[in-house]
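Letters go in sequence order (proteins before strands), and every chain restarts at 1. What you see is a predicted model; the values in this text were computed from it and never measured.
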Protein chains: 2
Amino acid sequence: MQKAAVEKNNEAIAAQLAPVGRETVQDRVYSELRRALIGGLFEPSQVLTIRGLADALVTSTMPVREALGRLITEKALEALPNRSVRVPPITLDRLDDLLRARILIEGEAIALAAARMGPRQIATIETILAEWDEMRALKHKKDVDREVTLNQSFHFEIYRSCGSAVLIPMIESLWLQSGPCIRVAIYAFSEAGEVDTAQYHRRIVEALATQDAQAARDALVADISRPFTFLRSKLQSAAGKDQT
Amino acid sequence: MQKAAVEKNNEAIAAQLAPVGRETVQDRVYSELRRALIGGLFEPSQVLTIRGLADALVTSTMPVREALGRLITEKALEALPNRSVRVPPITLDRLDDLLRARILIEGEAIALAAARMGPRQIATIETILAEWDEMRALKHKKDVDREVTLNQSFHFEIYRSCGSAVLIPMIESLWLQSGPCIRVAIYAFSEAGEVDTAQYHRRIVEALATQDAQAARDALVADISRPFTFLRSKLQSAAGKDQT
DNA sequence: TCAAAGCAAGTGTGATCACAAATCAAAAAT
DNA sequence: ATTTTTGATTTGTGATCACACTTGCTTTGA
C-alpha cells in the first residue's frame, strides 16, 4: 500500500470518528472536587479525608490523594499540621484579601478582554444571560446550583478572551478559594432581596460591547464586590454578638 | 501530679527544646524541585521523568510523582498529551504574558508593603544588599547561584511585608514560571555588561524607606522588566535568523 | 532501498500493603 | 468527679507491584 493512499484512508476514518480522549481517574477526581469547591458544596473549616472521598467517588485512595495535594498547592484546601486537610475557614482578613486580589487580577483580565472580544464572544455571553433570564422567569424552583454554574460560565467566557495563559489559572485559583465563601452569599441573595443580580451583568456586557475597558472594569468590581461586602457585614455582626 | 505543675514543667522543657518539625519526603522533594526551577537549573523544554528524578533524589517514585503533580497545577511544569512532563518552553508571547502579570501583581504587593514596612524590615533588606556588595567585591568567581538566591531573598522579604496571604503564593507561582527563563538573562548580565544590577535595588530600598508606594512600584517594574526585555530581543533576533 | 510490522525497554497510573502517627472512647487511678 | 492511661480504630505516607501505553530500534517484507 502506498503512503499517500494510506493517509487518505486514515483521513476518511478520522472524519467520522471523534477523538476518544484519555482522561485519567485523577483528573476526574480533581475536576469533581474543583466543581464542588467552586460551587460551595463543602463548608469552610470542613475536614476532608482521603479514604472518605475515595469511597464517595468510588475509586481508590491514590487518585484522591494526588488531587488533594494539587488543591492544597493552589490554596483551595489547607494542610493542617496534623496532616489532615480541610477547606480554609473564613475570616474578615481573608475576605478582604481575596476581594482585593480578585479586583486586581480579574479587573486587569476584563480590561484586556474588552479590547479583544469580537461580536462572536459578545453573542456567547449574551446567550448565557438569556438563559439566566429564562431560568429566573420560572422562579418557583430556586436552582442555586445552576445559578452558580451560569455565573461561572459568564465570567470565564470573558476572561478567556483576555488572551493571557498566565492570568486565567490565577483567576481559577481565586475562584477556588472564594467559592466556599460566596456560596452562602448567593444563597442569601437568591431567597432574600432578589435585587436583580442580572443588572450588574448587563452593565458588563454593555461596556464590553462598546469596548470601554474602564467601564467594564468598574462594572465587574461592582459585581464581585457585592457578595463580599455582604458576607463582611454578616461576619462582623456575628463577631459582635460573640463578644457580648 | 496536679495539672498546673505538669504544665509548668512542660513549659520549662519547651523553653530548652526547639521544635523538631515533621517534614515529609514529598515536601522535601517539592522544595528541592522548586529551588531548582526558580534557580533555572532545568532548561526550558527539558523533559523530566518520575523515575529519573526519584533516582537523582534517592527516594522512591511516590513522593516525586505527587510533587510533580503539584508543580504542574501551578504551571511550573507542563503535562504533555503523551503524559510526559517537561518544563514549559519559552515563547515571545509567554514572556510578555509573564512580565505583564508580574508587573501587575508584584507591583501591587510592593505598593502595599511600602506602607507597612518598618525600620526592622528595611534593615533586613539592607543587610541582603550589603551581602550582595560583599560578594560583588571579590568578583573573580561569578557565583550566579548565590546571586539568584540573594535576589530571591531581597524581593520576598519585601513581599512578605505586604500582608497578603493570597498574593504571595501567586508571586511564588510567577517566579516558578519565569525562573527557567530569567536564568539565562542573569547569566548574560553577570558576564557581559555588569551594569550595576544593585542600583535598581537601591532605588527600591530608598522608595520603601520613604514609604513612597508609587516610586517603589516604578523601581520594581524597572528591575523585573530588565531581564525580560533582554530575553525578548535575544529571542527575536534568534527568530529572525531562523527565517533567513 | 524504504516503509511497515514486531519487539523490547522505559514510563505513567492505579491498587494494595506496611507502618507510624493521630484520634477517640473506655477503663483505671487520683 | 476529674484526670490520666490504655487500647482500638482511623488516617496519611511511602514502597512496591501490575498493567497499559509510549518510544525507539530491529527485523521483515515489498
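For A/Arg100, the side-chain contact (heavy atoms from CB on, under 4.5 Å) criterion is met by A/Asp97, B/Glu108, B/Leu112, B/Ser164, not counting sequence neighbours. When the side-chain contact (heavy atoms from CB on, under 4.5 Å) test is applied to A/Asp27, the partners found at least two apart in sequence or on another chain are A/Glu23, A/Thr24, A/Arg70. Partners of B/Pro169 under the side-chain contact (heavy atoms from CB on, under 4.5 Å) rule, at least two apart in sequence or in another chain, are A/Lys75. For B/Glu43, the salt bridge (Lys or Arg N to Asp or Glu O under 4.0 Å) criterion is met by no residue, not counting sequence neighbours.
Rounding to whole angstrom units, CG of residue A/Leu77 and P of D/dG12 are separated by 12 Å. Distance CD (B/Glu66) to C1' (D/dA15): 12 Å, rounded to an integer number of Å. Atom CG of B/Leu48 is separated from atom C1' of C/dG12 by 14 Å (rounded to the nearest Å). Residue A/Tyr30 contributes atom OH, which lies 15 Å from atom P of C/dG14 at whole-angstrom precision. What separates CG of B/Asp27 from P of D/dT13 is a distance of 8 Å, to the nearest Å. Between the C1' atom of C/dA15 and the CG atom of A/Asp55 lies a distance of 14 Å, rounded to the nearest Å. C/dC24 atom P lies 10 Å from atom CG of A/Asn82, rounded to whole Å. Here the P atom of nucleotide C/dA15 and the CD atom of A/Gln26 are 11 Å apart, to the nearest Å.
Judged by distance alone, the side chain of B/Gln121 and the main-chain N or O of B/Gly118 form a donor-acceptor pair under 3.5 Å.
Comparing the axis of the opening five pairs of the helix from C/dT1-D/dA30 to C/dT30-D/dA1 with that of the closing five pairs yields an angle of 0°, rounded to 10°.
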Passes side-chain hydrogen bond (donor to acceptor under 3.5 Å, both in side chains), B/Ser173 versus B/Gln177? Steps please.
CA-CA 6 Å; B/Ser173 171; B/Gln177 293 179 63; 3.2 Å; yes
Restricting both atoms to N or O, compile the protein contacts to nucleotides 16-21 of chain C shorter than 3.5 Å, with distance only.
none

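With B/Trp175 as the aromatic partner, B/Arg102 meets the cation-pi criteria of under 6.0 angstrom to the ring centre and within 45 degrees of the ring axis.
If you check C/dT11, C/dA15, D/dG14 against the side chain of B/Thr49, the one that comes closest is C/dT11.
Annotation: side chain of A/Val29 is not in contact with side chain of A/Leu53 (no heavy-atom distance under 4.5 Å). B/Leu167 is not listed as a side-chain neighbour of B/Tyr159, based on a closest heavy-atom distance of 4.5 Å or more.
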